[in-house]
Protein chains: 2
Amino acid sequence: MNLKELSTLLGLSQTTVSRALNGYPEVSEVTRDKVMKAAKQHNYTPNIRARGLATGRNHAVGHVIPLSTEHEVVNPVFTDFIAGASEIYARENYDMMLTIVPDKTEAEAYRKIAAKGSVDGVIVHGPKANDPRIALLREIGMPFVVHGRSGIAEESEYSWVDMNNTRAFERATQFLIDLGHRRIGLLNGLEGMDFAMKRREGYRAALAAAGLKERKELCYSSEMTEEYGFSATMEMLASRRPPTAILASSIIVGFGVRRALDTSGLKIGKDVSLIVHDDDLSYLRNGAAEPIYTATRSSVRMAGRICAEILMEQISDPKRPLRHVLLDAELIIGHTTGPAPQD
Amino acid sequence: MNLKELSTLLGLSQTTVSRALNGYPEVSEVTRDKVMKAAKQHNYTPNIRARGLATGRNHAVGHVIPLSTEHEVVNPVFTDFIAGASEIYARENYDMMLTIVPDKTEAEAYRKIAAKGSVDGVIVHGPKANDPRIALLREIGMPFVVHGRSGIAEESEYSWVDMNNTRAFERATQFLIDLGHRRIGLLNGLEGMDFAMKRREGYRAALAAAGLKERKELCYSSEMTEEYGFSATMEMLASRRPPTAILASSIIVGFGVRRALDTSGLKIGKDVSLIVHDDDLSYLRNGAAEPIYTATRSSVRMAGRICAEILMEQISDPKRPLRHVLLDAELIIGHTTGPAPQD
DNA sequence: GAGAAATGCCAAAGCGCTTTGGGGCGGGGG
DNA sequence: CCCCCGCCCCAAAGCGCTTTGGCATTTCTC
């Protein structure tokens, strides 16, 4: 069923039917009702391509999600981020186009997407500390929102939604120091990612404030897998001066830490304390009633919603001022932290 | 840059340029070369909507992924499935449209997608044991491939890619029985999902073969979260006759089991054995060199690739016979299983 | 009651592409 | 020398929609 068929069926012109459907004031309420009913009855939906061609607007946004070339892993937070974003898209009747791209060829992917002209805007995932995509997108002139930030570009020059990584890890570290811990391991995300840099800064700041030095042998950074959590912890535990507390950049890494401690016969929250960052993923809830892990928490699904909302805004009126949203992570106390053991 | 501009720039007609670009034989090689070069140089890509309008083919496929309404969780295997599928799409220059839909309104979502006409085919995720979507899609007449199967429809009437859930869980159960286990807990996926039914069948078959009865109090089914693994295990352990082995439907559930065992002071692989199903997710690798968990393993990323390939086939030639791919899961031995403890 | 202002509808152009149905031009066969 | 056939290329139609500009018809104003 297309517009033409529907309109002849109704004995009206295509113009009128189109206008009735799109809420233009030039048609009477009686006609509009009739049209609406007929459309519903015949399950008519305007062909999105044709509409896009005619209006120049696509009612679609793109997500380009980077695939770590080295490790072939796509960040598991995307499911929830996208779930959040798609709530908004559904409401606004927007489509979501997904492209998974090896991180090396990302820039090219954006260019291609822009040239194909099938989306009205994009969301940038996983910004590096020094990310060329921001400049690229500004040059192309396509609306975009960054999930996170990138150290290199002026923050005021693009829209972003980020959590306060620095502050979160500063507080977590501080909390451990207050509990008497002096040797605190950091299992950070992949070096080069902006969020990882910022977390390390927070960690470092808290240490400095307590007059402690950052020790290189306690700082790891890698793709955030369970195996990484395990092996890095094992390595630290085997060292001459093992940590009494560990900061892990994700709950999955935390799983690995837990396994390493078990394997080593150490009691979590007693022999070694653990704080994880918790993205509040739906399939990785940090406990039901009561949190299991002490964690810095910030919902990535919420971030998805906000990103999408801002992007919609930006698309519908490109003149709108840029938006910057900094989400605060809460520090929630679970069962994996306790006072530093006396030695 | 559009076709018109490019063609006047070259002093050729739009027809010729279009044909040169699309590999039609009616243009000379010399001209084709010139056109290709110019296109590359000016970063020209045909507007996808216009092409779609003209050809009736969209060069896009849809993924509708169900969002568990009750639990608001989207299955974490999608990241890897989609990563696999998108390898194929990238190769064929297809776009991927993603829609996340509360599972209640899925049927409607498919209808809408069909009416909008923006994709050439879809992949069906998370089929229920009794899933109306298959009949619906056949009725609509849109090419589709199911990831998994659905008990209700004739398997020969649609294309699917599934792993051998029944066989995998039968083997795993068998393996535990051979180790002397008699009380084996099953932490299955959500009841109603086809894969969960099939896994339970396998479990039951192995028990029956050994002359054992399936015990209701040892069979759980739920959304596959860590918390579920934990609490179900705790519950079983607290019962009069706790299990000596547990079968978990995902590695994440397995994490929860591990935590429950730790909490209870039980040694995994000694006091209680554990086998998990491992979808071989990139961010949840079951160990690096050596597997940690004893597991039934089947790569969901591979399944994604195969689904996408079959769908492409089906789209390019709808007359092609339907395809059915049954992937076998391997049983890999890790450190979480051992002989049943003597009591 | 005549002119002005709404009101409700329509015809046609145009978005950027593919594709059908020619048409000019050079070369080989009769 | 003429004709016909390939080889290359082109003009124009059409995909399904929105939107501009315009034309009746009705309602209002004085």
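Naming: A, B, ... by sequence-line order, numbering from 1 per chain.
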* Would you kindly say whether B:Ser150 and B:Asp194 are connected by a side-chain donor-acceptor distance under 3.5 Å? => no
* Inspect the contact between A:Arg91 and A:Glu309 and indicate whether a charged nitrogen and a carboxylate oxygen are less than 4.0 angstrom apart. => yes
* **Check ion pair B:Glu108-B:Arg111 (N to O, under 4.0 angstrom)** => no
Would [X] and [Y] count as a close aromatic pair, with their ring centres under 6.0 Å?
X: B:His125; Y: B:Phe81; value: yes
X: A:His147; Y: A:Phe78; value: no
X: B:Tyr89; Y: B:His59; value: no

* May I ask you to verify if any side-chain N or O of B:Tyr24 is less than 4.0 angstrom from the OP1 or OP2 atom of C:dT19? => yes
* Check the surroundings of atom CD in B:Glu70: do more than 12 heavy atoms from other residues, nucleotides or ligands lie under 6.0 Å from it? => no
* To do: For atom CD of A:Glu92, decide whether the heavy atoms of other residues, nucleotides or ligands shown that lie under 6.0 angstrom number more than 12.
  => yes
Any N/O pairs under 3.5 Å between the protein and nucleotides 24-28 of chain C? List them or say none.
none

* Considering all heavy atoms of both residues, which atom of B:Gly126 and which atom of B:Arg133 are nearest to each other, and what is their separation? -> O-NH2, 3.0 Å
* Structure fact -> Correct closest heavy-atom pair for A:Arg305 and A:Ile88 would be O-CG1, 3.6 Å
* If an axis is fit to five pairs at each end of the helix from C:dG1-D:dC30 to C:dG30-D:dC1, what is the angle between the two, to the nearest 10°? -> 50°
* Structure fact -> With sequence neighbours left out, the residues meeting side chain to side chain donor-acceptor pair (under 3.5 Å) with A:Asn75 are none
* Structure fact -> side chain to side chain donor-acceptor pair (under 3.5 Å) filter on B:Thr15, not counting sequence neighbours, yields none
* To do: Decide yes or no for B:Arg51 and B:Asn22: does some side-chain heavy atom of the first lie under 4.5 Å from some side-chain heavy atom of the second?
  => yes
* Asked: Going 5' to 3' along nucleotides 10-17 of chain C, which nucleotides have protein heavy atoms under 4.0 Å from the base (write B), which only from the sugar-phosphate (write S), and which from neither (write -)?
  -> BBB-BBBB
Every protein N/O within reach of nucleotides 4-8 of chain C N/O, cut-off under 3.5 Å:
none

* In whole angstrom, what separates B:Arg57's CZ from C:dT18's P? -> 13 Å
